[in-house]
Number of protein chains: 2
Amino acid sequence: MHEVPFPQSGPKRKLLDVAEELFAEKGFEAVSVRDITQAAKANVAAINYHFGSRDGLIAMVVVRHLVPVCEERLARLDAVEKRWAGKTPPLEEIIEAMLRPLLGQLRKSDLSERLFYKLIGRIFAQAGEGMPSSVEGLLAKTNDRFKKAFGKVLPTLSGEDLAWRIHFVSGGMIHMLSNYDSVQKLPAGSSAASAMEVTLGRLIRFSAAGMGEGMAVAAELVESPQAFFDF
Amino acid sequence: MHEVPFPQSGPKRKLLDVAEELFAEKGFEAVSVRDITQAAKANVAAINYHFGSRDGLIAMVVVRHLVPVCEERLARLDAVEKRWAGKTPPLEEIIEAMLRPLLGQLRKSDLSERLFYKLIGRIFAQAGEGMPSSVEGLLAKTNDRFKKAFGKVLPTLSGEDLAWRIHFVSGGMIHMLSNYDSVQKLPAGSSAASAMEVTLGRLIRFSAAGMGEGMAVAAELVESPQAFFDF
DNA sequence: GTCTATAACTAGATAGAC
DNA sequence: GTCTATCTAGTTATAGAC
């Protein structure tokens, strides 16, 4: 890496941060450059100077979050596969590698938990529309790696089945994040962990069951081989 | 019913139809009053005359589809419960009662299949934001009925678990509809049925497995009691 | 009911002073 | 780099002729 792609300080970074906050709250289309520059106490020309256009700013906001999430997804999947070297990992672990980065990047953001999740939800709800080709490539690569990983655990599923089931998992995650405000209303229980953490656990278990539908026996077999053949 | 809530013909209906088409393709926020009136060959003032405002038009578009979907959901759930009177119905049937109306209302629409699904995806992705209170009531009632129906089949799940799992099912459906264009790319197989029909089947099975997670034994038992105990 | 014309406002982008 | 002022084009909504 011979260049830092995102500004770490200065007025450009300030604009990026403020824009994220507004986009998270109201959605990309509902925020004008004037809203942003006003909130950032910059002049109206600042966005065009620093990002070329409003769309350039949005692209940078999206990429700034999309790229680290994809990278963490790939890294986590690598770690899972390494740990189970040779053996087939449980579905839950692959799904967690896929979903947890959407939460895990929170600590690297200055946004509040609430706004971060709303923003991530919006980003992934429209991911794939008008992305720079470099990012499209990373998205495609990530998707492909996970499809192969799931395919190894669920060898009898067709490519279409795999793709659709992954799509359904994504849908659950995006819907959960986009409706973050209702995450608070639907209490997670009396756990000390954050509500989102508990909800992620729910989604992982739900998704693992869905991914493995029709192959409960084989899935059980991986975790406790004796359970099925011992009679 | 002593009044027909939606115009069946005339210029008002024409505006509604044209607006739907544009909203489906580009999203609500990306379509202006001028775009609509131009496409409908009406004058710019027509929307304000007939619907009071642009928001009034959007609300009517949303309600026109949300209400029949909710009603069909409730009717289908009634039918399922009647047919299994006393006994617990399979999860798949309740889920189908919940999801199929999003597809089933297609025949009552003049939109192409593609645009209809995109529109429904958009409507449900933002359902709950700024709805008229009458519609909010219908949404809440529908949700409540389904939560109770699922609760009967899955009596050991907490209310929070139920609510979240239903939320995840909705997410899968909305994501599938919102990305209709990719439904075509991910081929459904060589079946004669429409791609969407096959995909809905996939989602129902996926969701049934997810809903029943942790209670696979009880669920299997309902459908084929001998399968588990016969050894 | 339908239309034109226009009001009143907001959008993103830019030229040019400092 | 940062600012103000302004341009052009878009927006919704409305007043008033027909």
Side-chain angles (χ1 to χ4, degrees), chain A residues 3-64 119 122-123 126 129-132, chain B residues 3-64 119 122-123 126 129-132:
Chain A
E3 63 165 336
V4 179
F6 305 113
Q8 299 305 313
S9 64
K12 191 168 178 180
R13 169 64 185 263
K14 172 77 174 172
L15 283 167
L16 221 34
D17 289 343
V18 168
E20 274 185 3
E21 219 170 302
L22 292 171
F23 288 149
E25 189 66 71
K26 307 184 183 188
F28 291 104
E29 276 139 278
V31 179
S32 69
V33 297
R34 283 183 158 80
D35 294 334
I36 299 164
T37 51
Q38 221 171 327
K41 282 170 210 150
N43 64 82
V44 279
I47 284 178
N48 281 280
Y49 175 76
H50 286 293
F51 304 97
S53 70
R54 181 177 177 275
D55 281 350
L57 166 63
I58 292 179
M60 186 157 272
V61 167
V62 170
V63 170
R64 183 158 75 134
L119 181 68
R122 292 188 199 278
I123 287 174
Q126 67 149 35
E129 290 177 36
M131 300 278 111
Chain B
E3 63 165 337
V4 179
F6 305 111
Q8 299 304 312
S9 63
K12 191 170 178 179
R13 169 65 187 263
K14 172 77 175 171
L15 283 167
L16 221 33
D17 289 344
V18 168
E20 275 184 2
E21 218 170 302
L22 293 170
F23 288 148
E25 189 64 71
K26 307 184 183 188
F28 291 105
E29 275 139 280
V31 179
S32 70
V33 173
R34 284 181 153 77
D35 294 334
I36 299 164
T37 50
Q38 221 171 326
K41 281 171 210 146
N43 64 82
V44 280
I47 284 179
N48 281 280
Y49 175 76
H50 286 291
F51 305 97
S53 69
R54 181 178 176 276
D55 281 350
L57 166 63
I58 292 179
M60 185 156 274
V61 167
V62 169
V63 170
R64 181 157 77 133
L119 181 67
R122 292 189 199 278
I123 287 174
Q126 68 150 35
E129 290 176 37
M131 301 276 111

Donor-acceptor pairs are to be reported for all side-chain atoms of residues 40-48 of chain B against protein atoms at under 3.5 Å, with residues two or more places apart or in another chain.
{"residue": "N43(B)", "atom": "OD1", "partner": "A45(B)", "partner atom": "N", "Å": "2.9"}
{"residue": "N43(B)", "atom": "OD1", "partner": "A46(B)", "partner atom": "N", "Å": "3.3"}

Output a table of donor-acceptor pairs, distance under 3.5 Å, between side-chain atoms of residues 24-33 of chain B and any protein atom two or more places apart or on a different chain; print 'none' if there are none.
{"residue": "E25(B)", "atom": "OE1", "partner": "R114(B)", "partner atom": "NH1", "Å": "3.0"}
{"residue": "E25(B)", "atom": "OE2", "partner": "R114(B)", "partner atom": "NH2", "Å": "3.1"}
{"residue": "S32(B)", "atom": "OG", "partner": "R34(B)", "partner atom": "N", "Å": "3.4"}
{"residue": "S32(B)", "atom": "OG", "partner": "D35(B)", "partner atom": "N", "Å": "3.1"}
{"residue": "S32(B)", "atom": "OG", "partner": "D35(B)", "partner atom": "OD1", "Å": "3.4"}
{"residue": "S32(B)", "atom": "OG", "partner": "D35(B)", "partner atom": "OD2", "Å": "3.1"}

**Study point:** Derivation and outcome, side-chain contact (heavy atoms from CB on, under 4.5 Å), residues F6(B) and V63(B)
**Key:** CA-CA 10 Å; F6(B) 305 111; V63(B) 170; 3.9 Å; yes
Please list, for nucleotides 7-11 of chain D, all pairs of protein and nucleotide N/O atoms separated by less than 3.5 Å.
{"residue": "dT11(D)", "atom": "OP1", "partner": "S32(B)", "partner atom": "OG", "Å": "2.8"}

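The structure places NZ of K14(B) at 13.0 Å from CD1 of I36(B), a figure rounded to the nearest 0.5 Å. Once rounded to the nearest 0.5 Å, the distance linking CG of L22(B) with CD of Q38(B) reads 10.5 Å. To the nearest 0.5 angstrom, L15(A) atom CG is 9.5 Å from K12(A) atom NZ. Remark: L57(A) CG to H50(A) NE2 distance equals 11.0 Å, nearest 0.5 Å.
Annotation: salt bridge (charged side-chain N to carboxylate O under 4.0 Å, His left out) contacts of R64(B) (sequence neighbours excluded): D17(B), E20(B).
Paired regions of DNA chain D, where each region holds three or more successive Watson-Crick or G-U pairs whose two hydrogen-bonding distances fall under 3.5 Å, are C:1-10 with D:9-18, C:12-18 with D:1-7.
Taking the 5' to 3' direction, DNA chain C first and last meets chain A under 4.0 angstrom from a heavy atom at dA11(C) to dT14(C).
F51(B) places none of its side-chain heavy atoms less than 4.5 Å from the side chain of I58(B).
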